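Input: a single structure, listed below in structure tokens.
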Number of protein chains: 2
Amino acid sequence: MSLSYALLALLLDCPSSGYELNKAFEGSIGCFWKASHQQIYRELGKLEELGWVNVQLVPQAGKPDKKIYSVNELGRSQLTAWTARPADITPIKEEILIKLFVGTLVEPHVLQSHIQQHRQDYEALLAAYETIAAKWFPAPQNLPVEDHLRYLTLRCGMRYATSWIDWCDEVLAYLATLN
Amino acid sequence: MSLSYALLALLLDCPSSGYELNKAFEGSIGCFWKASHQQIYRELGKLEELGWVNVQLVPQAGKPDKKIYSVNELGRSQLTAWTARPADITPIKEEILIKLFVGTLVEPHVLQSHIQQHRQDYEALLAAYETIAAKWFPAPQNLPVEDHLRYLTLRCGMRYATSWIDWCDEVLAYLATLN
DNA sequence: TAGTACATGTAACAGGTTACATGATTGA
DNA sequence: TCAATCATGTAACCTGTTACATGTACTA
């Protein structure tokens, strides 16, 4: 259900093709949602059937036609109603925590390299978020409301990545005592 | 895929019925995985078919029979092999961040109550984790390796909840300036 | 007598992943 | 010439949710 609304949210900002929406999820929007291109195309089809979006076919020379989707009045009102409804917290599902839980099945150095890789991945994510923040929100004090709210979603991503990095350091410190 | 391994991890610790595994996910194990009872029963059936677990029927007076599952040698070696494989980081999917992203569609007080509720939920989660930590790991310095690794999974949950609480405060401070 | 805990499941559907499929253009 | 980018999709499968179904025992 949420994916539809995530797509509507992006389309509201800027009418786009499925391909462009997929790019968005790979970029800064990735700090709050993620979907594969197959899922996006299927979901856009459903939104079209529901009549929440309009489609405009844009022929292109030498490339397949682009289907540009945009949110119509019905879609906008559905998105607004959904936004007003409360949101539950998301349960945690973390493969790496299962692996740590049964960590004594493997050698400590195996866990160590898992956690080191995780730390690196979150470092890279944090760096990406920081680049985006520096580029789009260099002076967060004086942003229009809309932009400030978006800046806050990025802040969430940054805090998230930072908290993982700190935890990895805590785990690595412990694992180091096992050698 | 991960759910099977999460179940194996719990069963390795202590042979259990589907009902008991579901309880575990609702409790402290919830800091790294979550599944509904329907999913658990289906997955246990698959593990049985694969021959990774053994089942023992325990008749009970006045209650339906219990099916106690335990990990056998094959299951154990599969879990070990899986644990040794690297784990990817989990993409973020947060409904509340979509709502914040399109937050200007609703009145600021609506966002405020969403975030306040979120803050409360994470406070409650943190309190639950702290209770578990105090009960099971009162002296984390001197734990056997197995227990210390479990303690670290709890620490991850605590850091996670704390980071959400801090972020909620940041958002609430901003929303307060809008009135 | 109503609700909760115990204990298991089926069926239908929705959400998400993996593999396959097409085909032009651009840059290394 | 090989890979990447642009651009869309189908089919099969696996994962996860919701609703339904059964039945006892205990507690408020």
Side-chain angles (χ1 to χ4, degrees), chain A residues 1-8 10-11 15-27 30 32-50 52-53 55-69 82 87-95 98, chain B residues 1-8 11 15-27 30 32-50 53 55-69 82 87-95 98:
Chain A
M1 206 64 299
S2 286
L3 174 57
S4 325
Y5 296 106
L7 294 175
L8 288 175
L10 296 186
L11 293 176
S16 318
S17 66
Y19 190 85
E20 286 157 357
L21 290 167
N22 189 44
K23 288 274 139 183
F25 281 126
E26 280 169 5
F32 59 82
W33 212 265
K34 182 75 193 122
S36 61
H37 84 274
Q38 294 84 345
Q39 230 191 321
I40 293 168
Y41 285 120
R42 182 169 55 183
E43 207 65 30
L44 286 171
K46 283 187 197 168
L47 289 174
E48 198 186 341
E49 265 185 58
L50 284 169
W52 295 11
V53 295
V55 193
Q56 200 194 344
L57 262 176
V58 180
Q60 300 191 118
K63 291 179 198 171
D65 291 358
K66 245 188 192 181
K67 280 175 139 182
I68 303 289
Y69 292 86
W82 175 81
D88 283 337
I89 63 173
T90 308
I92 308 171
K93 289 189 181 181
E94 286 291 341
E95 207 179 306
I98 307 176
Chain B
M1 207 64 300
S2 286
L3 173 58
S4 325
Y5 297 105
L7 294 175
L8 288 176
L11 292 177
S16 318
S17 66
Y19 190 85
E20 286 158 355
L21 290 166
N22 189 45
K23 289 272 139 184
F25 281 127
E26 279 168 5
F32 58 82
W33 211 268
K34 180 80 194 120
S36 62
H37 84 273
Q38 294 84 346
Q39 227 190 322
I40 292 167
Y41 286 121
R42 182 168 56 184
E43 208 65 30
L44 286 172
K46 282 187 197 168
L47 289 174
E48 198 187 341
E49 264 184 59
L50 284 169
V53 294
V55 192
Q56 198 195 344
L57 261 176
V58 180
Q60 298 193 119
K63 291 179 198 172
D65 290 359
K66 245 187 190 181
K67 280 175 138 183
I68 302 290
Y69 293 86
W82 175 81
D88 283 337
I89 63 174
T90 308
I92 308 172
K93 290 189 180 183
E94 286 292 340
E95 209 179 306
I98 307 176

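Values below: every heavy atom of this structure, side chains too, minus hydrogens, waters and symmetry copies. Quick caveat, the model's predicted, so the values are computed rather than measured. Sequence lines set the chain letters: A, B, ... in the order given, protein chains first and strands last, and positions in each chain run from 1.
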*asked:* Distance check, rounded to the nearest 0.5 Å: A/Leu44 atom CG versus A/Tyr41 atom OH?
replied: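 So the gap between those two atoms works out to 8.5 Å.
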
Between [X] ([atom1]) and [N] ([atom2]), how many Å, whole number?
{"X": "B/Leu50", "N": "D/dC14", "atom1": "CG", "atom2": "P", "result": "11 Å"}
{"X": "B/Ile40", "N": "D/dC14", "atom1": "CD1", "atom2": "C1'", "result": "17 Å"}
{"X": "A/Glu48", "N": "D/dT8", "atom1": "CD", "atom2": "P", "result": "12 Å"}
{"X": "A/Gln56", "N": "D/dA7", "atom1": "CD", "atom2": "C1'", "result": "16 Å"}

Residue set satisfying side-chain contact (heavy atoms from CB on, under 4.5 Å) with A/Ala24, at least two apart, ordered chain then number -> A/Leu10, A/Ile29

* **Any side-chain heavy-atom pair of B/Met1 and A/Glu95 under 4.5 Å** => no

task: State, yes or no, whether a side-chain contact exists between B/Lys67 and B/Leu57 at a heavy-atom distance under 4.5 Å.
output: yes

Exercise. For the pair B/Glu48 and B/Tyr69, evaluate side-chain contact (heavy atoms from CB on, under 4.5 Å) and give the outcome as yes or no after the intermediate values.
Key: CA-CA 9 Å; B/Glu48 198 187 341; B/Tyr69 293 86; 4.0 Å; yes

Ring pair (Phe, Tyr, Trp, His ring centres under 6.0 Å) filter on A/Phe32, not counting sequence neighbours, yields B/Phe101

Once base and sugar-phosphate atoms are separated, protein heavy atoms under 4.0 Å mark nucleotides 6-16 of chain C, 5' to 3', with B, S and - as BBBBB----SB

